[in-house]
Enquirer: 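Pasting a structure here, questions to come.
Numbering of ligands and ligand atoms starts at 1, following listing order.
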Amino acid sequence: MSTLLSAAEPLIELAIAEDIGPGDATSTSTLDAGAALRGRIVAKAPGVIAGLPVAEAVFQRVDPTITFVARVSEGQEVVAGELVAEVSGPGRALLAAERTALNFLQRMSGIATLTRDFVDAVATTGATILDTRKTLPGYRVLDKYAVRMGGGANHRLSLYDMMLVKDNHIDSAGGICPAVARARALHPELPIEVEVRTLDELRQALSIEPPLDRVLLDNMSLETMREAVAIRAGRVPLEASGNVTLARVAEIASTGVDMISVGALTHSVKALDLSMKVAPEAAGVSLAVAEAGGAADPRTRIQEIKAALGERLVILGHHYQRDEVIAWADFRGDSLQLSRSAVETQAEFIVFCGVHFMAEVAAILAKPGQHVLIPDLTAGCYLADTATPDAVQAAWDALDAVLGGAEAAFTPITYVNSSAALKAFCGKHGGLVCTSGNAGPVLRRALAQRPRVFFFPDQHLGRNTARRMGIPLEEMLLWDVRRPPSAAEIQRARVVLWPGACNVHQRFRPGHVDAVRQAYPGMRVIVHPECTMAVVDLADDAGSTAHIIKQVAAAPAGTQWAVGTESRLVYRLQQEHPQQTIIPLADVPPYCATMGQITLHNTAQVLEALGEGRLLNKVTVDASTAHWAKIALERMLAL
Ligand code: SF4
């Protein structure tokens, strides 16, 4: 039995005794003994799911004949209304177990959801979000598991598996050095962390040999944390703690600390709103079959409208889309490739099942009379949103001021994962667009044209590409929006990188590669270049989504792959290449939440509107922006 279920078992016993006790009086009196029910556990709010194995264990503890089928993965983001799991079996048992199962699932999903918010807030930095021991008594293993499902990492589990020397210990032992000496003498086998309150205490902690495993900066101001990062000079990892809120965490991470511990993840839990609706189990009809039919089924509506519109309609499905959506796509691919395929058709209506910037590219390239629609206008891109036109313009102005003419010195390059406004910015300033597949040639062309490059919004793609071309890290400058670099730093830079990152690919860590190497010797690790440099350096191969698909498809049968990219694509590769062993690189595989906003339901709504002659969720780009953005795209396509 897993550690999670071992820890959950006594809690489940306690909860069932508390809630069901001698029996569910209402269900036993209102339901026939032989009545069978099926239930659908549905998310009523967006969030991250954690605790499905525990919920299943609750149902099975109440009645082992209950069938539990998870419809999403642990750690997966869901949208409001999304089906999370289905259960079927004896009605009385199902209803008796419902509350307890949901209580576990809601609490754990609430922790995972809040953790993901913190993880996303620091995704453009290298900081890791940690939990604390501020957990519900008895629930520590469950709470900490949920933090991992949210993308956070665990601090020590208890007082026995790591030493944290805090102010009370230091004061009692007579100082940091004696406290550490005593702790190490008695427990040399345990990692040790020391809490410091001032820079003077930090210096004392840094003077200890051998170096400490970690230093905790307790309740320090941002300025002091920045100084602490400079003082430690990479010697010991630093953890920030105290007064960490969602509003402050990005600023704290920007100081350069390695970890940030957040008590609120587990001490201030807001349960994720989930509900279970039941219906009589139709004899001999499985849940999946029952769901697939019927006039209200979105699949039926999509099929009818697709047939009615024929070649007037083309549906595009990005590789990171849900399986049930991509099943309807006329073209499947990555963003630029999809747009180019669509505009070559005679279709009047292009329904882009992807995120907003992708639909914008299709709108920019569309022929007169072609309309681009997206099932959810709010489906954005975390990475694209890290670079607003105003912020990029402010950085450009700063470069201009230092070098006396940014346009003579810098070629601006925007990754295609950016707003149309930034593509237009590049078009106006002699720059161009790149994709993850052609970033190398684009960078080379840019550097042949002008001596320097301003690359946005993805720092990792820019850094990984420039390094591959042999440009040393010392010639790259990471722009800091809060504290713009000095004139001297700008003058030294050949490649200026915008501090953006994708919150999906950023979640792959070097530890994931190490764990795969240990568990599966000989397995090839292939990652997307939006991953950090540390991950790309450890991988066997890095390349665009198209490159990853091509490599896996072309490999001999029996090849083993750990794939570091969005999870829906990884699982689809698994299904489509059963002759290979394919696993996600991370233990909690990351999903793109905004891609997940596109559902069968909202796709059907857009098509239904088309069927009625309405353009729902039309994506438009104003003529001037489209003109300049197209120039930047065409410069890339001309390469
Ligand atoms: S995977 Fe990352 S870059 Fe791609 S759409 Fe999602 S957030 Fe944006």
Enquirer: May I ask whether Glu530 places a heavy atom under 4.0 Å from ligand 1?
Expert: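 Yes, Glu530 has heavy atoms under 4.0 Å from ligand 1.
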Enquirer: Return the residue, atom name and 0.1 Å-rounded distance of the protein heavy atom closest to atom 6 (Fe) of ligand 1.
Expert: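 Result: Cys592 SG, 2.4 Å.
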Enquirer: So, Glu566 and Arg507, do they make that salt bridge, N to O below 4.0 Å?
Expert: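 Salt bridge: no.
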Enquirer: Using a cut-off of strictly less than 2.8 Å, determine whether Cys381 has an N/O/S atom near atom 6 (Fe) of ligand 1.
Expert: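 It does not: Cys381 brings no N, O or S atom closer than 2.8 Å to atom 6 (Fe) of ligand 1.
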Enquirer: Kindly confirm whether atom 8 (Fe) of ligand 1 is within less than 2.8 Å of some N/O/S atom in Cys502?
Expert: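 For Cys502, the answer is no, given that no N, O or S atom comes within less than 2.8 Å of atom 8 (Fe) of ligand 1.
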Enquirer: Does Glu576 come within less than 4.0 Å of Arg332, counting only side-chain N to carboxylate O?
Expert: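 Salt bridge between Glu576 and Arg332, a charged N being under 4.0 Å from a carboxylate O: yes.
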Enquirer: Is it the case that the side chain of Arg467 and the backbone of Leu473 share a donor-acceptor pair, with hydrogens and angles ignored and the cut-off at 3.5 Å?
Expert: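 No; zero donor-acceptor contacts below 3.5 Å.
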Enquirer: Side chains of Glu74 and Tyr145: donor-acceptor distance under 3.5 Å anywhere?
Expert: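 Yes, Tyr145 and Glu74 have a side-chain donor paired with an acceptor closer than 3.5 Å.
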Enquirer: Find all atoms of ligand 1 within a distance of less than 4.0 Å from any non-hydrogen atom belonging to Asn417, and give their numbers and elements.
Expert: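 Numbered from 1, ligand 1 contributes 3 (S).
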Enquirer: With heavy atoms of Asn503 as the reference, note each atom of ligand 1 found under 4.0 Å away.
Expert: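 Listed by number with element, the hits are 7 (S).
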Enquirer: Taking only heavy atoms of Tyr382, which atoms of ligand 1 are found under 4.0 Å from at least one of them?
Expert: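 That gives atoms 7 (S) of ligand 1.
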Enquirer: Going by atom types only, do His460 and Gln506 share a side-chain donor-acceptor pair under 3.5 Å?
Expert: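 Note: His460 and Gln506 side chains meet the donor-acceptor criterion.
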Enquirer: Is it the case that more than 12 heavy atoms not belonging to His429 sit under 6.0 Å from its NE2 atom?
Expert: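 Enclosed.
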